[in-house]
Amino acid sequence: MLLDSNLDEAKSGKRISAKGYAVAHKSDSFKPFSFSRHPLGENDILIEILYAGICHSDIHSARSEWKEGIYPMVPGHEIAGKVVAVGAKVSKFKVGDYAGVGCMVNSCGECEACRASNEQFCENGKTIFTYDCHDCFHDNEPTFGGYSNNIVVSEKFAINVPQNAPLDKVAPLLCAGITTYSPLKFSGVKKGDKVAVAGFGGLGVMAVKYALQMGAEVYVFARNKNKESEAKKLGVTKLYDSTQNVNERFDLIISTIPTKYDPMEYVNLLKNGGEMAIVGLPPVGEAVPTDLTRLVFAANKKVYGSLIGGIKETQEMMDFSLKHEIYPETEIISIDKINEAYENLTSGKAKFRYVIDMKSLEK
Ligand SMILES: [Zn+2]
Ligand SMILES: [Zn+2]
């Protein structure tokens with residue numbers, strides 16, 4: 001068994017052998033791939049991955065749509081599994097615990113951002129992303145993500161997950177959950193606030209669920225009017241299929257729109273002092289330039305970008321989600337179906353978040 005040899009490797013300080021699915025270049029399809037991870041350090045834990053979510057940014061990365069990727073590439077930053085070995089100085093986890101890993105696996109730990117647990121904004125540029133990144137803490141070797149059977153990670157960057165948690169649904173929280181939870185906290189959403197969510201895909205649905213749980217009155221902007229019953233079922237007050245003729249004004253608008261659009265259409269729908277958080281990313285080269293004149297005349301409205309969330313907040317999001325049973329809608333697939341899943345995600349045919357059941361790797 002691979003796991004047994006992993007435990008021997010961990011004990012003797014050797015590199016940890018791993019297997020997963022990778023693409024060899026940006027137009028390649030996913031194929032089985034064997035590789036190794038850095039040895040278990042004294043502050044590291046070794047996680048046997050049980051579930052890994054497929055995030056839309058995995059597709060952008062695998063196809064080098066944001067930057068030239070590092071190949072071979074094993075994507076995946078929505079990871080949930082079981083701790084199977086711990087380093088000598090680990091205190092947060094013991095063998096047998098459940099753990100999650102999101103978009104980051106390390107950072108400098110010393111700069112102001114890191115000390116404030118905003119590791120995603122490390123001022124020394126040492127945020128190490130879970131895959132497609134050179135790990136300066138380990139001889140600059142490339143990082144490999146969650147479409148695989150294990151991961152070695154500093155305990156500081158692993159999230160505690162209780163034993164009774166549904167791990168398949170927990171995995172996507174590590175990116176889709178924190179990405180939408182973080183701006184709601186940053187903007188201090190409270191009971192009675194009017195919150196609008198623009199874009200009603202996977203991220204949008206999560207934003208709606210969190211905002212409702214925080215007591216907000218929630219509205220949705222979606223191109224597709226036939227999502228109205230789904231939105232109403234969640235507790236959304238109203239779904240708009242356009243920004244025209246909207247009389248409502250909002251305290252916060254979260255945009256999860258992943259395509260080309262004009263942000264000013266939404267800024268104009270904010271209350272005085274209202275805020276707009278941008279988490280969705282249009283493809284590179286398709287963003288609309290901001291018209292500063294219109295922004296000046298929009299007056300006293302704040303627009304900000306939000307990128308995932310720090311580790312402390314990710315733990316807070318995990319605890320909040322489990323307490324209130326807030327999960328994404330998921331569809332479990334076997335690992336040999338990744339290529340199909342990518343096609344469905346690209347063509348818009350995918351209905352739910354795909355989550356890979358890693359047991360399927362053994363076949
Ligand atoms: Zn993601
Ligand atoms: Zn830092």
Side-chain angles (χ1 to χ4, degrees), residues 43 49 51-63 65-67 69 73-80 100-137 143-148 151 154 156-157 159 169-183 199 201-207 210 254-258 277-283 305-314 317-318 321 327-330 338 341-342 345-346 350 352-356:
N43 298 306
I49 299 177
Y51 293 98
I54 296 180
C55 173
H56 217 109
S57 51
D58 295 347
I59 301 178
H60 292 297
S61 303
R63 295 180 180 162
E65 285 170 358
W66 286 337
K67 65 160 186 101
M73 187 191 299
V74 178
H77 58 203
E78 298 182 340
I79 298 167
V101 179
C103 303
M104 306 177 272
V105 289
N106 223 330
S107 76
C108 92
E110 288 158 8
C111 71
E112 208 174 311
C114 285
R115 280 187 283 122
S117 194
N118 284 313
E119 300 88 350
Q120 74 276 33
F121 299 127
C122 174
E123 288 155 27
N124 290 317
K126 290 187 177 171
T127 305
I128 310 299
F129 292 101
T130 306
Y131 67 88
D132 194 23
C133 184
H134 289 288
D135 182 355
C136 62
F137 300 98
T143 54
F144 293 111
Y147 300 179
S148 63
I151 188 163
S154 159
K156 268 202 321 203
F157 283 77
I159 306 301
K169 293 189 175 294
V170 158
L173 292 175
L174 275 312
C175 176
I178 186 62
T179 297
T180 47
Y181 180 86
S182 184
L203 283 181
V205 170
M206 288 306 289
Y210 286 130
I254 297 187
S255 170
T256 68
I257 303 172
I278 299 184
V279 300
L281 274 182
S306 183
L307 177 70
I308 47 175
I311 294 298
K312 196 167 152 235
E313 195 172 54
T314 305
M317 173 281 306
M318 182 63 69
S321 306
Y327 302 113
E329 299 295 319
T330 53
I338 297 179
Y342 269 43
L345 280 163
T346 314
F352 304 116
R353 197 75 160 181
Y354 288 119
V355 176
I356 304 165

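Atom set for the values below is all heavy atoms of this structure, side chains included, hydrogens, waters and symmetry mates excluded. First listed ligand is number 1; within each ligand, the first listed atom is number 1.
Taking NE2 of His56 as the reference point, atom SG of Cys175 lies at 12.0 Å (rounded to 0.5 Å). Here the straight-line distance linking atom CD of Glu313 with atom CG of Asn118 works out to 7.5 Å at 0.5 Å rounding.
Checked options Tyr327, Tyr181, Tyr210; the residue passing with Ser321 is Tyr210 (criterion: side chain to side chain donor-acceptor pair (under 3.5 Å)). The side-chain contact (heavy atoms from CB on, under 4.5 Å) with Thr314 is formed by just one residue from the set Val101, Leu173, Ile159; it is Ile159.
The atom name of the N/O/S atom in His77 closest to the Zn ion (ligand 1) is NE2.
Using modelled atom types, no side-chain atom of Gln120 and backbone atom of Met104 make a donor-acceptor pair closer than 3.5 Å.
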Applying salt bridge (Lys or Arg N to Asp or Glu O under 4.0 Å) to Arg353 and Glu78, what does each step give before you reach the verdict? CA-CA 11 Å; Arg353 197 75 160 181; Glu78 298 182 340; 2.5 Å; yes
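No side-chain N or O of Asp58 forms a donor-acceptor pair with one of Tyr342 less than 3.5 Å apart.
Here the protein contributes Cys108 SG, Cys111 SG, Cys114 SG, Cys122 SG as N, O or S atoms under 2.8 Å from the Zn ion (ligand 2).
Here Cys103 fails the criterion, with no N, O or S atom under 2.8 Å of the Zn ion (ligand 1).
Atoms SG of Cys55 and SG of Cys175, as seen from the Zn ion (ligand 1), are separated by an angle of 130°, to the nearest 10°.
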